[in-house]
Amino acid sequence: MLDFNWLNTFVTLAKYQHFGKTAAALHMTQPNVSLHLKQLEQATRVKLVERNPFRLTQAGERLLTSAQKTLLELQACQADLNAINDLHQGTLTIAASDIISRLLLIGPFQQFRKNYPGIDLSLFNTTSSQAAELVKSAKADLGFVIAQKEESPIHFTELRKVEWCALGNGLQKWQAMANQPSLPNKKTNDETLTADEPTLILLGHDTRTRDLIDVALPQLQLPNYRIMEVGSVDAQIDWAEAGFGVAIIPTFSVNPKRQLNTTITPLPDFSTTSLGYIVRQNQLLSRAIKQLLIWVDEEMQNSQPLKQ
């Protein structure tokens with residue numbers, strides 16, 4: 001009989017190809033990683049790994065394929081068993097981007113902890129694309145993403161269309177500049193940036209949000225502009241408030257309790273992205289998860305719309 005823990009250690013070792021890194025990833029000691037491998041090789045009666053240099057043997061490659069499928073099935077099965085049991089105890093693992101987790105999940109998480117004290121919440125703070133991978137591999141039970149396309153074995157359910165706004169002064173003036181005949185709409189290699197050209201403050205490429213808004217930027221009808229990349233929506237707001245340019249941010253990220261001094265311009269036609277949640281295809285949702293989704297939806301509904 002092959003032990004579940006041995007297989008998990010072996011799959012992780014195949015991923016990192018390093019005993020020390022595997023031990024760190026599994027929160028084990030390196031001797032225990034070696035012991036698990038030795039026990040697995042004794043149980044299968046074949047050599048699975050060559051150490052110097054590291055590589056899987058032919059038998060190791062074959063076992064890896066089966067072990068990955070087995071672990072995935074067991075994780076998915078456990079998630080479904082939790083759902084059938086209504087998940088009154090255990091851990092609910094959620095994957096979400098920083099902007100979603102901080103702006104939409106704190107209130108629902110507080111309600112969840114109060115109503116389901118026996119369930120621990122575990123949060124992966126990550127990008128939408130990485131959240132999808134965590135759900136696919138059953139390392140997360142639920143993922144909250146922006147504009148995640150439905151793809152097997154992932155099912156996406158839209159909660160709300162994402163509306164965008166521009167935070168910062170001078171947007172309309174810059175848009176008017178683009179319509180002046182004397183100002184070219186396209187920049188050549190000989191042209192230089194001037195102080196009048198706007199700076200758009202955007203989330204960096206590592207957040208994957210640029211993939212969503214870059215295609216919509218021409219709708220702003222601006223002349224030549226600079227781009228300033230930052231790592232969080234809070235940073236976008238701070239820089240825009242400091243007068244460094246115009247930040248393009250989701251409407252739900254504008255906290256109605258926060259006193260802002262710069263102009264907020266709704267951009268209703270800027271993008272057609274969606275915010276929603278993802279689960280594995282055919283996954284049974286527990287009563288606790290369904291209730292959490294209700295609270296998240298209420299949190300979004302309570303966000304105040306921007307006024308013109």
Side-chain angles (χ1 to χ4, degrees), residues 1-85 87-98 101 118-143 145 151-154 206-208 278-284 286:
M1 178 71 68
L2 300 184
D3 186 273
F4 172 86
N5 292 319
W6 301 347
L7 291 176
N8 190 47
T9 300
F10 173 67
V11 169
T12 307
L13 180 62
K15 174 182 178 180
Y16 289 101
Q17 300 186 10
H18 189 280
F19 283 80
K21 293 180 180 178
T22 300
L26 296 175
H27 305 288
M28 298 169 56
T29 64
Q30 190 166 328
N32 275 341
V33 173
S34 298
L35 177 61
H36 280 192
L37 177 62
K38 179 180 179 181
Q39 291 170 323
L40 187 58
E41 288 183 327
Q42 288 175 342
T44 57
R45 300 180 182 180
V46 291
K47 188 174 182 62
L48 301 172
V49 171
E50 296 288 353
R51 292 176 180 252
N52 294 308
F54 183 95
R55 70 175 183 86
L56 297 182
T57 63
Q58 184 177 358
E61 293 283 359
R62 176 64 183 85
L63 178 61
L64 177 62
T65 301
S66 295
Q68 288 173 325
K69 294 179 180 178
T70 299
L71 292 174
L72 183 59
E73 285 296 324
L74 287 174
Q75 290 169 330
C77 178
Q78 184 61 62
D80 289 340
L81 290 176
N82 288 341
I84 294 172
N85 195 38
L87 195 63
H88 291 301
Q89 292 183 337
T91 300
L92 175 59
T93 303
I94 293 174
S97 66
D98 179 71
S101 61
I119 303 175
D120 293 326
L121 284 173
S122 178
L123 177 66
F124 284 107
N125 217 12
T126 183
T127 64
S128 289
S129 58
Q130 291 171 336
E133 290 303 317
L134 290 169
V135 172
K136 283 181 184 179
S137 62
K139 293 180 180 178
D141 303 297
L142 181 69
V145 299
E151 57 177 303
S152 181
I154 295 296
D206 58 331
T207 67
R208 305 290 294 179
I278 51 174
V279 295
R280 295 182 304 279
Q281 291 282 16
N282 302 320
Q283 176 183 345
L284 297 175
S286 69

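Values below: all heavy atoms of this structure, side chains included; hydrogens, waters and symmetry mates excluded.
Nearest heavy-atom pair across Ala43 and Trp6 is CB-CZ3, 3.8 Å. Between Thr22 and Leu13 the shortest heavy-atom distance is OG1-CA, 3.3 Å. In terms of heavy-atom proximity, Tyr16 sits nearest to Ala25 at CE1-CB, 3.6 Å. Closest of all the heavy-atom pairs between Ala23 and Thr29 is CB-C, 3.8 Å. Nearest heavy atoms, Ile278 versus Ala132: CD1-CA, 3.5 Å. Taking both residues in full, the closest heavy atoms of Gln281 and Ile154 are given as NE2-O, 3.3 Å, listed atom of the first, atom of the second, then distance.
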Next item on the list: Please test Val33 against Leu37 for side chain to side chain contact (heavy atoms under 4.5 Å, CB included), starting from the C-alpha separation and ending with a verdict.
Entry: CA-CA 6 Å; Val33 173; Leu37 177 62; 5.8 Å; no
Checklist line | Worked check of side chain to side chain contact (heavy atoms under 4.5 Å, CB included) between Val135 and Phe124 | finding: CA-CA 11 Å; Val135 172; Phe124 284 107; over 6 Å; no
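Looking only at side-chain heavy atoms (C-beta outward), Leu63 and Leu48 come within less than 4.5 Å of each other. Leu56 is listed as a side-chain neighbour of Val49, based on a closest heavy-atom distance under 4.5 Å. Taking 4.5 Å as the limit, every side-chain heavy atom of Asp3 sits out of range of all side-chain heavy atoms of Gln39.
Atom CG of Leu64 and atom CG of Leu7 lie 10.5 Å apart (nearest 0.5 Å). To the nearest 0.5 Å, atom OG1 of residue Thr12 and atom NE2 of residue His36 are 11.0 Å apart. In this structure, the separation between CD on Gln30 and NE2 on His18 is 7.0 Å, given to the nearest 0.5 Å. Interatomic distance, NZ of Lys139 versus CD of Gln130, reported as 11.5 Å (0.5 Å rounding). Separation of atoms CG (Leu2) and OG (Ser66) is listed at 10.0 Å; rounding is to 0.5 Å.
Salt-bridge check for Glu41 with Lys38: failed, with every basic side-chain N at 4.0 Å or more from each acidic carboxylate O.
Just one of Asn125, Thr126, Ile94 meets the side-chain contact (heavy atoms from CB on, under 4.5 Å) condition when paired with Ser101; it is Asn125. Partner of Asp141 under the side-chain contact (heavy atoms from CB on, under 4.5 Å) criterion, out of Val279, Leu134, Thr93: Thr93 alone.
Proximity of a side-chain donor or acceptor of Thr57 to a complementary backbone N or O of Lys47 within less than 3.5 Å is detected.
The environment of Gln58 atom CD is sparse: at most 12 non-hydrogen atoms of other residues, nucleotides or ligands sit within 6.0 angstrom.
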